[in-house]
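First listed ligand is number 1; within each ligand, the first listed atom is number 1.
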Amino acid sequence: MIPVIDISPDVDSPAGAQVAAAIGRACREIGFFQVVGHGVPAAVIDSAYAAVARFLAWPTEEKARLEHPHPFRGWSSHRRVGCDTDMQRFQACAVPSAAEAAALGVEERYLDYFQLCPWPDDVAFQEAFSAHFAAVRAVGRTLMSYFAVTLGLPSDYFAPALRHDVSDMAANHYHRADPADPADPTDPTGPADPIAADAHPVEAADLDTIDIVLPEHADSGMLTLLHQRGDYDGLQVRLLDGEVLTVPVRDDALVVNVGLLMSRWTNDQFLATRHRVAVPPRPGMTRTSLTTFCYPAVDTVIEPLATCVGADGPHYGPVTPYGWEAQYLAAQAAQYAANGELTPRVPLAPRQRG
Ligand SMILES: O=C(O)CCC(=O)C(=O)O
Ligand SMILES: [Fe+2]
């Protein structure tokens with residue numbers, strides 16, 4: 001079972017200490033949990049879903065104007081070979097341009113991290129998306145204070161690193177085509193990914209993952225907070241013993257998972273558990289997730305915390321989000337290419353950094 005934890009107590013209260021202990025157990029044993037009592041108003045969440053639905057209904061050519069060479073920015077559409085389910089994604093960063101980063105005092109040598117985020121020409125979309133993003137990032141900061149406590153640190157330990165966070169937010173939308181429905185906007189035989197289809201014939205796909213639309217992966221950042229809605233429970237978590245758990249949809253909850261940067265920071269005490277999204281069980285079904293990937297400031301030096309290093313020493317050297325992004329993207333692109341898993345319309349082409 002994925003635990004459900006009420007985070008409404010103050011982190012520095014006696015009840016908060018119990019919450020920190022429960023979060024610590026979940027991070028060390030599963031790497032996934034759900035939080036309730038998070039304080040994000042339902043109206044903020046509803047407005048973000050409404051804005052995303054409005055945007056998804058745009059003609060493909062209009063959305064395609066928001067494609068971006070960076071895989072974590074703008075709009076993209078993916079379909080795995082042999083799979084009748086599409087995934088569309090729109091993603092933006094908390095610091096949306098190099099100019100804004102410079103204004104925050106980010107050093108010149110890090111500015112190429114900040115690629116311009118293309119936004120739909122819909123002010124209400126940007127407002128609703130950004131309001132949800134800001135509210136969930138605040139929950140992320142609260143969770144980091146619980147993380148600090150369970151790691152034996154003062155609750156505000158991570159606060160300086162979170163002041164100019166470079167978190168991302170993605171809206172992910174999964175839709176299974178319904179060939180029997182003439183009004184279905186998806187053509188399952190359409191040319192969404194002709195290049196990848198040539199490069200990775202369906203026989204190359206891992207049969208175990210044929211019903212998976214988003215392949216198994218660990219997230220890159222510190223922690224991910226996800227709200228999910230839809231016709232089916234699509235998010236699946238791969239435990240270390242191989243067992244797969246489904247994360248039930250709960251409208252009052254945010255799903256939380258540990259990312260690889262936090263796993264490094266805790267010297268592998270916290271598990272960056274792999275997860276994936278299943279194809280809807282029936283044609284015509286959809287699912288949407290609003291997913292916030294929390295990162296610290298771009299120049300934060302992340303190395304195993306002294307409280308987490310045991311007799312075997314640190315498992316990792318220092319890394320910044322700046323250097324880490326290129327490493328993560330290269331590894332992910334290699335995984336997807338080797339397995340013929342994801343068929344990105346925009347090539348995954350990380351910039352090389354020294
Ligand atoms: O949409 C989901 O439920 C999961 C998305 C996800 O794992 C990701 O975007 O990293
Ligand atoms: Fe993920």
- Message: Taking 4.0 angstrom as the limit and counting only heavy atoms of Y174, give me the atoms of ligand 1 inside it, by number and element.
- Response: 1 (O), 2 (C), 4 (C), 5 (C)
- Task: Check V35 against H38 and note the closest heavy-atom contact, atom names and distance.
- Result: O-CD2, 3.5 Å
- Query: When you measure from atom 5 (C) of ligand 1 to every protein heavy atom, which one gives the shortest distance, and what is it?
  - Reply: N172 ND2, 3.4 Å
- Task: Check whether any side-chain heavy atom of T286 sits under 4.5 Å from a side-chain heavy atom of Y174, and report yes or no.
- Result: no
- Do the ring centers of Y157 and F147 come within less than 6.0 Å of each other? no
- Item | Close aromatic pair by centroid cut-off 6.0 Å: H173 and F90 | no
- Query: What N/O/S atom of H275 is the closest to the Fe ion (ligand 2)?
  - Reply: NE2
- Message: Could you tell me, atom by atom, which parts of ligand 1 come under 4.0 Å of a heavy atom of V277?
- Response: 1 (O), 2 (C), 3 (O), 4 (C)
- Task: Specify the protein heavy atom at minimum distance from atom 9 (O) of ligand 1: its residue, its atom name, and the distance to 0.1 Å.
- Result: R89 NH2, 2.6 Å
- When rounded to the nearest 0.5 angstrom, what distance separates OG1 in T85 from CE in M87? 12.0 Å
- Item | Subset of ligand 1 atoms that lie under 4.0 Å from at least one heavy atom of S289 | 1 (O), 2 (C), 3 (O)
- Message: I'd like to check which ligand 1 atoms, numbered from 1 as shown, lie under 4.0 Å from a non-hydrogen atom of H217.
- Response: 6 (C), 7 (O), 8 (C), 10 (O)
- Provide, to 0.1 Å, the distance between atom 6 (C) of ligand 1 and the closest protein heavy atom, together with that atom's residue and name. L214 CD2, 3.5 Å
- Report, in ascending order of atom number, the atoms of ligand 1 lying under 4.0 Å from any heavy atom of R287. 1 (O), 2 (C), 3 (O)
- Message: I'd like to know if R73 and D168 make a salt bridge, using a cut-off of under 4.0 Å between side-chain N and carboxylate O.
- Response: yes
- Item | Within-shell test, H275 vs ligand 1, heavy atom, strictly < 4.0 Å | yes
- Atom of D219 nearest the Fe ion (ligand 2) (restricted to N/O/S, atom name only): OD1
- State whether the shortest distance between N or O atoms of T291 and N or O atoms of ligand 1 falls below 3.5 angstrom. no
- Message: Can you confirm whether or not the ring centre of F129 sits under 6.0 Å from the ring centre of F55?
- Response: no
- For D219, the ligand 1 atoms whose distance to one of its heavy atoms is below 4.0 Å: 10 (O)
- Query: Do D156 and R141 sit within salt-bridge range, that is, some charged N less than 4.0 Å from a carboxylate O?
  - Reply: no
- Considering the heavy atoms of L226, write down every atom of ligand 1 situated less than 4.0 Å from one of them. 2 (C), 3 (O), 4 (C)
- Query: Hey, would you say the F158 and W265 ring centroids sit under 6.0 Å apart?
  - Reply: yes
